[in-house]
Amino acid sequence: MSKSEKKANPSDALSSLYTPEDVASTGSGSGADAGLDIGQQLLKKGVIKSDQLNAAARVVKQTPGKTISQVLVETGVDEAAVQEVVAESNRLPFERIDADDPNSFELKLLNRLGPEYCKDNLVIPLRHEGSRLLVGTASPDDVFLLDEIKRRLGVKSIKHVLVTTGDILSIVETLTEADGGEDYDIDEILSDVDEDDVEVVKEEEADADAEEAASSPVVRFVNHIIQTALKEGASDIHIEPDEKVLRVRFRIDGILFDVMNPPKRMFAAITSRIKIMANLDIAERRLPQDGRIRATVLGRKIDLRVSTVPTPKGEKTVLRILDTRSINVSLDELGFAPDILTIWKNQVSQPHGIVLVTGPTGSGKTTTLYASIKQLDIRKLNISTVEDPVEYNLGGITQIQAHEKIGMTFAVALRALLRQDPDVIMLGEIRDMETATIAIQAALTGHLVLSTLHTNDAPSSITRLINIGVEAFLVGAAVNSVLAQRLVRRNCEHCKTEFKCTPEVEEFLTMHGVATSKVMKGEGCQRCRETGYSGRVGLYEMLLLDDQLRDAIARSPNVTEFRRVCIERGMVTLREDGFIKVAQGRTTVEEILRVTEATI
């Protein structure tokens with residue numbers, strides 16, 4: 001063989017790439033049809049009549065987002081005939097699938113995706129043709145969905161085939177009726193997961209009846225769930241039973257994503273395995289239970305806070321991932337504006353007074369407080385905390401766990417701490433009048449108290465303390481500042497692109513003091529799971545009390561009046577701070593509107 005013959009032919013490298021078949025060129029007259037829209041083609045083929053087309057066109061005009069083909073199918077036109085024309089127009093192959101023929105689709109790959117996923121996204125893996133996988137969808141525009149399928153199944157190349165919605169639903173319903181995943185290949189999914197990959201610290205077998213939960217596939221599957229959650233950067237794992245399926249969802253950057261659909265038959269064993277790891281009672285299925293798992297996963301020490309609640313369909317289990325990496329951040333990395341950061345650092349260094357952080361659950365209050373404490377000089381200060389529960393262990397700091405059932409309340413723990421010569425006290429939350437009163441007394445007697453409240457904004461925290469029962473003049477005298485915060489998803493650094501604002505958005509931004517005609521937004525890539533977002537950034541509303549505001553507090557104002565006074569005194573609201581971050585390209589208008597509300 002000559003050297004020239006041995007050289008690789010460039011066309012060989014491209015031979016595995018899929019080129020759409022020239023469907024439109026087959027048959028007489030098809031070339032002319034390609035220039036017509038779907039409705040006209042259906043009319044020409046005799047699939048529909050002109051009055052049906054006119055009626056569907058009127059519906060499309062009044063229903064944004066609907067296509068002419070969708071409307072026609074909804075009005076009773078044969079879907080197969082419509083889809084065949086749609087496929088021809090988009091130069092795609094069209095196929096029918098027989099639910100009774102197991103060779104007409106890939107059952108193993110379907111179960112890996114999960115019947116619910118296939119049903120929700122109207123997608124089905126059909127078969128392999130060489131190195132390509134044929135995937136059927138009900139829409140010709142499912143480009144991003146096909147990319148996600150490629151990533152989920154780990155295939156190199158995909159060939160797109162158009163199928164009918166009815167065929168997909170028929171197959172999924174048939175499988176669901178047969179309990180959804182009897183042929184689910186657990187061994188294949190778990191081939192790279194080992195029993196020792198998640199090492200539980202001080203695990204104790206709860207009962208001899210736990211043999212099924214301790215079986216190798218179940219142990220490996222639970223390890224697989226935990227490992228995957230950690231790799232994806234999830235904060236919570238939800239294991240939710242339904243009538244015929246089992247869903248596993250991860251909360252990533254504050255949003256829940258469907259990740260797995262394991263077989264329903266594994267539900268009881270998975271739940272029991274998690275209960276054994278958390279030292280819970282596996283025989284108790286009628287009452288809620290809470291526990292904690294300490295484990296080493298992928299070489300990292302993490303804590304998992306476990307909660308189970310009974311539902312009519314079985315126990316739902318939620319695992320909160322407490323990873324010390326998430327709190328090992330400095331104040332500089334949290335998203336503070338430079339001036340707000342300087343003020344906040346000064347506030348947490350004050351010798352006495354109350355400094356509050358407020359916001360809903362999951363808004364990052366604990367991370368902010370821990371980051372604030374870590375900037376203090378731990379060697380020279382006696383810093384103590386009262387938490388329920390103690391989520392993260394901090395070196396050099398006294399941490400006390402509150403136990404309401406045995407009478408170890410926040411108030412009791414706080415009284416005890418005041419006899420321990422404290423300099424700084426961090427309260428997990430001010431919940432009642434007794435705790436609030438003791439905290440204010442501590443602040444007025446020379447201690448710095450850091451705490452949280454669950455209110456919507458900074459001014460509401462002041463009125464909340466008054467409504468709890470604390471005298472208004474004491475609130476004004478003790479509280480130094482209040483920081484309200486939210487977390488929004490950050491634009492993905494790998495795929496964010498500059499877009500021109502629509503006139504409405506530009507006007508909206510101008511109303512909030514941001515003069516810009518272009519904004520940044522993620523287009524979606526593999527690194528951000530096609531969402532356009534990766535990671536989160538904080539929004540902050542800093543209320544610094546001065547003499548005029550303390551006088552206003554002494555008059556016990558209502559929250560609306562007090563908020564107006566705060567804004568007049570220069571307070572930047574959460575929404576305003578959010579739009580500043582939009583102008584900086586760090587997040588999007590949609591995210592700001594999702595987590596904040598108009599306050600003026």
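Each residue takes its place number in the sequence, starting with 1.
Checked options Arg285, Lys316, Gln289; the residue passing with Thr308 is Gln289 (criterion: side chain to side chain contact (heavy atoms under 4.5 Å, CB included)). The side chain to side chain contact (heavy atoms under 4.5 Å, CB included) test with Val482 singles out one residue from Leu544, Leu356, Val355, and that residue is Leu356.
At least one side-chain heavy atom of Val219 sits under 4.5 Å from a side-chain heavy atom of Arg273.
Using a cutoff of 4.0 Å between basic side-chain nitrogens and carboxylate oxygens, Glu404 and Arg431 are scored as salt-bridged. The pair Lys581-Asp577 meets the salt-bridge criterion, with a side-chain N (NZ, NE, NH1 or NH2) lying under 4.0 Å from an Asp/Glu carboxylate O. A salt bridge links Arg152 with Glu148; the closest basic N to acidic carboxylate O contact falls under 4.0 Å. A salt bridge does not link Lys275 with Asp281: every distance from a Lys NZ or Arg NE/NH1/NH2 to an Asp or Glu carboxylate oxygen is 4.0 Å or more. No salt bridge links Arg489 with Asp253; every basic N to acidic carboxylate O contact stays at or beyond 4.0 Å. Here Glu506 does not pair with Lys500 in a salt bridge; the nearest charged N to carboxylate O distance is not below 4.0 Å.
For residues 435-494, no residue pair satisfies the ring pair (Phe, Tyr, Trp, His ring centres under 6.0 Å) rule, not counting sequence neighbours. Counting only residues at least two apart or on different chains, the side-chain hydrogen bond (donor to acceptor under 3.5 Å, both in side chains) pairs with a member in residues 462-483 are Gln347-Ser481.
Of all heavy-atom pairs between Val390 and Ile400, the closest is CG2-O, 3.9 Å. Between Ile430 and Ala439, the closest heavy-atom pair is CD1-CB, 4.4 Å. Looking at every heavy atom in both residues, Gly335 comes nearest to Val537 through CA-CG2, 3.9 Å.
Gln485 and Thr368 share a donor-acceptor pair across their side chains, judged by distance under 3.5 Å alone. Side chains of Gln399 and Glu387: a donor on one and an acceptor on the other come within 3.5 Å. A donor-acceptor contact closer than 3.5 angstrom is absent between the side chains of Gln526 and Arg151. When only modelled atom types and interatomic distance are considered, Asp339 and Thr342 share no side-chain donor-acceptor pair under 3.5 Å.
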Which donor-acceptor pairs under 3.5 Å do the side chains of residues 410-426 make with protein atoms, sequence neighbours left out?
residue: Arg415; atom: NH1; partner: Glu434; partner atom: OE2; Å: 3.1
residue: Arg415; atom: NH2; partner: Glu434; partner atom: OE2; Å: 3.0
residue: Asp423; atom: OD2; partner: Asn382; partner atom: N; Å: 2.8

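Here Gln375 pairs with Leu331, Lys345, Val348, Ser349 under the side chain to side chain contact (heavy atoms under 4.5 Å, CB included) rule; sequence neighbours left out. Every residue two or more places apart in sequence or in another chain that forms a ring-ring contact (aromatic ring centres under 6.0 Å, His included) with Phe579 is listed here: Phe508, His512. For Val470, the side chain to side chain contact (heavy atoms under 4.5 Å, CB included) criterion is met by Ala436, Thr437, Ile440, Leu474, Val475, not counting sequence neighbours.
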- [ ] Check step by step if side-chain contact (heavy atoms from CB on, under 4.5 Å) holds for Leu483 and Thr358.
- [x] CA-CA 6 Å; Leu483 179 74; Thr358 182; over 6 Å; no
TODO: Check step by step if side-chain contact (heavy atoms from CB on, under 4.5 Å) holds for Ile553 and Val479.
DONE: CA-CA 11 Å; Ile553 292 171; Val479 177; over 6 Å; no
TODO: Please step through side-chain contact (heavy atoms from CB on, under 4.5 Å) for the pair Ile383 and Thr398, ending with a clear verdict.
DONE: CA-CA 6 Å; Ile383 304 174; Thr398 304; over 6 Å; no
Open item on the list: Does Arg563 form a salt bridge (charged side-chain N to carboxylate O under 4.0 Å, His left out) with Glu561? I'd like the steps, not just the answer.
Closed with: CA-CA 6 Å; Arg563 183 185 297 116; Glu561 177 189 346; over 6 Å; no
Open item on the list: Tyr540 vs Phe336, test: ring-ring contact (aromatic ring centres under 6.0 Å, His included). Steps then yes/no.
Closed with: CA-CA 7 Å; Tyr540 299 97; Phe336 283 97; 3.9 Å; yes
Task: Thr228 and Lys231: CA distance, side-chain angles, deciding distance, side-chain contact (heavy atoms from CB on, under 4.5 Å) verdict - done: CA-CA 5 Å; Thr228 306; Lys231 289 176 182 176; 5.7 Å; no
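Taken from CD in Glu315 to CD1 in Ile274, the straight-line distance is 10.5 Å, to the nearest 0.5 Å. The distance from atom CG of Asp388 to atom NE2 of His403, rounded to the nearest 0.5 Å, is 8.0 Å. The distance from the CG atom of Asp546 to the CG atom of Leu549 is 4.0 Å, given to the nearest 0.5 Å. Atoms CD1 and CE, from Ile226 and Met277 in turn, are 4.0 Å apart once rounded to the nearest 0.5 Å. In this structure, Thr588 OG1 and Met520 CE are separated by 12.0 Å, a value rounded to the nearest 0.5 Å. Going from atom CD1 of Ile397 over to atom OG of Ser384 covers 9.0 Å, rounded to the nearest 0.5 Å.
In this structure, Asp547 places its CG atom where only 12 or fewer heavy-atom neighbours from other residues, nucleotides or ligands lie under 6.0 Å away. Heavy-atom contacts from other residues, nucleotides or ligands closer than 6.0 Å to CD of Glu507 number 12 or fewer. In Lys496, the NZ atom is crowded: over 12 heavy atoms of neighbouring residues, nucleotides or ligands sit closer than 6.0 Å. For Phe144, the CZ atom is loosely surrounded, since the number of other residues' heavy atoms within 6.0 Å does not exceed 12. Within 6.0 Å of atom CZ in Arg527, 12 or fewer heavy atoms from other residues, nucleotides or ligands are found, so the atom counts as exposed in its surroundings.
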